[in-house]
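Accompanying notes for the structure given below.
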Amino acid sequence: MCDDQDVELSRSCELKIVLQCTEDCALHADLSSDILKAVGSVYKGRIDLSFERKKVLSVSKTAPHDHIPGPSVKVTAVKGYPNGDPPSLDKVDEACPHCLCAPCIIRRPPDFLVGSARPSPTNHAKRYALYRQFWRVLRDIGLWHHPSYLMRKRLHTFEADRREVQPHCVITEVRRRYPNPPTIPYIDFHPSFIA
């Protein structure tokens, strides 16, 4: 499972990318072609891509979500939940399949999720503001570092991409409250390609 990415630029205009992995991964070939395609579209010099095995000291056999090791995060206060009790990533059996929270972050919405509007071309600004607030809440809960989320993120972009993929439940609810007119399509996730 790939967990870290180091990029070095040498003096001879040669790009060297070294991925450190905790195990021999069958995804290396797919990941290599994705990286070379993405980097090759913006960088025309020589690209050297390699994988190094990274030593793992210990792996927990009781970690949540299919026994994937990951950080254990204790959340004490989350903005948007002034009375405490934000959704949790610990209850695997009750977790939403999209946001991995129990209960779903939309079923127990934060206090900033209020109001709605008719379809309008200007609703994109309201959606953007809500996505930023949800980003902070999900960061505080620990979703952006959760192993199950990171595996899902790799389907859309690099794990080291600074942008995060909002859960489907968040996108659906925000678009329901602040929709575009039928003639204006929504803009989906775009990776930044900046690691």
| What distance do E94 atom CD and R107 atom CZ have between them, rounded to the nearest 0.5 Å? | 11.0 Å

| said: Tell me the closest heavy-atom pair linking C99 and I105, and the distance in Å. | reply: SG-N, 3.5 Å

| task | Would you check, one step at a time, whether the test side-chain contact (heavy atoms from CB on, under 4.5 Å) holds for H146 with L100? | result | CA-CA 9 Å; H146 196 277; L100 307 176; 4.0 Å; yes

| task | Measure across L143 and P167 and return the closest heavy-atom pair with its distance rounded to 0.1 Å. | result | CD2-CG, 4.1 Å

| task | Please name the pair of heavy atoms, one in C101 and one in L138, separated by the smallest distance, quoted to 0.1 Å. | result | SG-CD2, 4.3 Å

| note | Those residues at least two apart in sequence (or on a different chain) that pass side chain to side chain donor-acceptor pair (under 3.5 Å) with S116 are none

| query | Crowded around L155 CG? As in, over 12 foreign heavy atoms under 6.0 Å? | reply | yes

| query | Once you round to the nearest 0.5 Å, how far does CD of Q166 lie from CZ of R127? | reply | 13.0 Å

| query | Looking only at heavy atoms, which two atoms of P191 and H156 are closest? And how far apart? | reply | CG-O, 4.1 Å

| remark: In short, R108 meets P86 closest at the heavy-atom pair NH1-O, 3.5 Å

| Side-chain donor-acceptor pair present, N123, R118, cut-off under 3.5 Å | no

| note | Closest non-hydrogen contact found for G115 with R177 is O-NH1, 3.0 Å

| field | Side chain proximity check, N180 to P185, heavy atoms < 4.5 angstrom | value | no

| task | Would you please classify the geometry between the F112 ring and the F134 ring as parallel, tilted or perpendicular, with 30° and 60° separating the classes? | result | perpendicular

| Relative to F189, does R163 satisfy both conditions: NZ or CZ under 6.0 angstrom from the six-membered ring centre, and within 45 degrees of the ring's axis? | no

| Can you tell which of P109, C96, P97 makes a side-chain contact (heavy atoms from CB on, under 4.5 Å) with C104? | C96

| query | Do R139 side-chain atoms and H145 backbone N/O form a donor-acceptor pair below 3.5 Å? | reply | no

| field | Hydrophobic cluster identity match, V170 and Y128, side-chain contacts under 4.5 Å | value | no

| query | Among the clusters formed by ILVMFWY side chains lying less than 4.5 Å apart, do I184 and Y178 turn up in the same one? | reply | no

| request: Kindly compute the distance separating CG (L150) from CD (E159), expressed to the nearest 0.5 Å. | output: 4.5 Å

| Do H190 and T157 come within less than 4.5 Å of each other through their side chains, counting heavy atoms only? | no

| request: Report the C-alpha separation of K153 and E164 in whole Å, then their side-chain angles, then the decisive distance to 0.1 Å, and conclude whether the salt bridge (Lys or Arg N to Asp or Glu O under 4.0 Å) test is met. | output: CA-CA 7 Å; K153 181 179 179 180; E164 303 297 345; 3.2 Å; yes

| task | Side-chain contact test, heavy atoms from C-beta onward, threshold under 4.5 Å: evaluate it for I171 versus Y131 and give yes or no. | result | yes

| query | Distance from I106 atom CD1 to C169 atom SG, nearest 0.5 Å? | reply | 5.5 Å

